[in-house]
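Okay, so here's the structure we're looking at.
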Amino acid sequence: MPELPEVEVVARTIASEISGKVIEEVEVFWPKIVNYPDDVEEFKLNIKGQKIGQIRRTGKYLRIEIGDHFELVVHFRMTGKFQRIVKQDKNQKHLHLFFHFVQEEEGLAYIDVRKFGDIFLVPKGEYIRIKGLFHAGVDPLSKDFTFPIFKELIRKKNRHIKAILLDQSMITGLGNYICDEVLWFEGKKGVHPQRLGSSLTDTELKRIFQRIHEVIQESIRLGGNSFRDFSYGEGMKGDFKKMLKMYGRKGEPCFNCGTEIERIIVAGRSTHYCPKCQKNK
DNA sequence: CGCGAATCCTGTCTGC
DNA sequence: TGCAGACAGGATTCGC
């Protein structure tokens with residue numbers, strides 16, 4: 001599931017690969033992926049013949065400049081990804097959009113097994129139609145993500161810390177695996193995912209804040225190493241999996257104390273924690 | 001304000 | 001072995 005680091009890797013990768021290319025046309029095979037505009041023909045028409053500009057990321061959203069006036073905004077949700085494929089492979093499974101480039105055999109494919117992804121074409125910088133982006137909180141890689149702001153956000157909430165971290169209108173980009181990872185600290189007592197934000201100490205908040213940076217940087221580094229076979233938006237393989245200390249390790253020993261990791265549901269999401277290191281006081 | 005449930009999808013896992 | 005049903009999961013919407 002693409003979270004901030006995966007989308008960041010995709011942004012960096014396709015920036016070097018498709019920036020400056022001219023889109024001859026875009027084919028849409030599953031119109032529901034196109035969230036805005038409502039009219040898919042309008043979507044196609046506004047993209048046709050346009051040049052790809054800068055590629056950026058906000059939270060889990062990928063933003064691609066299209067010509068002088070538009071921006072293509074992509075959210076991969078669970079299983080969405082971009083892949084460079086040649087026109088001949090267009091009939092492959094789960095392909096929902098295909099961008100043709102002028103005088104090139106290889107295009108850009110949007111592939112999404114579960115079809116949860118969303119693609120928007122909006123006037124540059126106008127995000128009112130994209131609720132999650134319009135209401136996006138602070139991005140962990142922006143200079144606005146400081147400890148005082150983080151502390152303020154968490155402390156004023158009487159909600160489970162995991163629910164706060166997952167709330168994209170507070171901090172944007174953290175998903176399920178990152179949240180489980182940042183509440184566990186190497187060699188120290190961690191934070192139970194159901195602790196209330198208002199109950200956390202300065203020390204605990206500082207450690208979570210630091211872990212957010214650590215986990216994101218490490219994920220980007222590993223994602224950056226593994227996009228060779230070009231599965232944009234997929235980071236759950238190889239070295240990446242070895243990095244995970246908690247996520248998906250139900251019943252396996254905690255790396256601090258050897259206690260079996262438990263799996264519970266918090267904020268409606270599967271949540272992994274160590275019952276000994278991360279006590280719910 | 002905050003929580004739980006339903007929604008959208010399909011590959012994979014579980015149980016008989 | 002094969003099939004049916006349960007399940008996962010990001011974000012939004014709705015009801016309490």
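Every chain is numbered from 1, with letters handed out A, B, ... down the list of sequences.
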Would you jot down, in residue-number order, the residues of residues 112-127 of chain A having a non-hydrogen atom under 4.0 Å from DNA chain C? A:Arg114, A:Phe116
Heavy atoms from C-beta onward define the side chain here; which of C:dA11, C:dG9, B:dC9 lies closest to that of A:Met78? C:dG9
Find the distance A:Lys162:NZ to C:dG9:C1' and express it as a whole number of Å. 11 Å
B:dG11 OP1/OP2 closer than 4.0 Å to side-chain N/O of A:Lys93: yes
Whole angstroms only, please: what is the CG-P distance between A:Leu166 and C:dT12? 13 Å
Taking only N and O in the side chain of A:Thr79, is any of them less than 4.0 Å away from OP1 or OP2 of B:dT10? no
Rounded to whole angstroms, how far apart are CZ on A:Arg129 and C1' on C:dT12? 17 Å
Under 4.0 Å: is that the gap between some side-chain N or O of A:Lys157 and OP1 or OP2 of B:dG2? yes
Grab the CD1-P distance between A:Ile171 and C:dA11 for me, whole Å please. 13 Å
With a 3.5 Å cut-off and no angle check, do the side chains of A:Tyr110 and A:Gln83 form a donor-acceptor pair? no
Pairs under 3.5 Å (N/O, protein and nucleotides 13-15 of chain C):
from, atom 1, to, atom 2, distance (Å)
C:dT13, OP1, A:Lys131, NZ, 3.2

Taking the side chain as every heavy atom from C-beta outward, state whether A:Glu252 and A:Glu260 have any pair of such atoms under 4.5 Å apart. no
Between C:dA11 and A:His75, is there an OP1 or OP2 to side-chain N/O distance shorter than 4.0 Å? yes
A:Arg77 has an atom CZ; how far is it from atom P of C:dA8, in whole Å? 19 Å
For A:Asp139 and A:Thr58, test the side chains for any donor-to-acceptor distance below 3.5 angstrom and give the result as yes or no. no
Short side-chain N/O contact to B:dC3 OP1/OP2 from A:Arg159, under 4.0 Å: yes
Pick base, sugar-phosphate or nothing for A:Lys156, based on heavy-atom distances below 4.0 Å to the nucleic acid. nothing
Side-chain H-bond candidate by donor/acceptor type, A:Asn256 with A:Lys245, under 3.5 Å: no
Does A:Arg263 put a side-chain nitrogen or oxygen below 4.0 Å from OP1 or OP2 of C:dA8? yes
Euclidean distance, atom CG of residue A:Leu4 to atom C1' of C:dG10 [Å, nearest integer]: 15 Å
Here the distance between atom C1' of B:dC8 and atom NE2 of A:His94, to the nearest Å, is 16 Å
A:Thr172 and A:Leu4 have their tightest heavy-atom pair at O-CD1, 3.9 Å
Closer than 4.0 Å, any side-chain N/O of A:Tyr247 to the OP1 or OP2 of C:dG9? yes
Pairing donors with acceptors under 3.5 angstrom, does anything connect the side chains of A:Ser219 and A:Tyr177? yes
Taking the side chain as every heavy atom from C-beta outward, state whether A:Phe99 and A:Glu27 have any atom pair closer than 4.5 Å. no
A side-chain contact here means heavy atoms from C-beta on lying under 4.5 Å apart; do A:Phe101 and A:Leu108 qualify? yes
Main-chain N/O of A:Val191 paired with A:Gln278 side-chain donor or acceptor, under 3.5 Å: yes
Ring-ring centroid check A:His96 A:Phe29, cutoff 6.0 Å: no
To the nearest angstrom, how far is A:Lys81 atom NZ from B:dT10 atom C1'? 14 Å
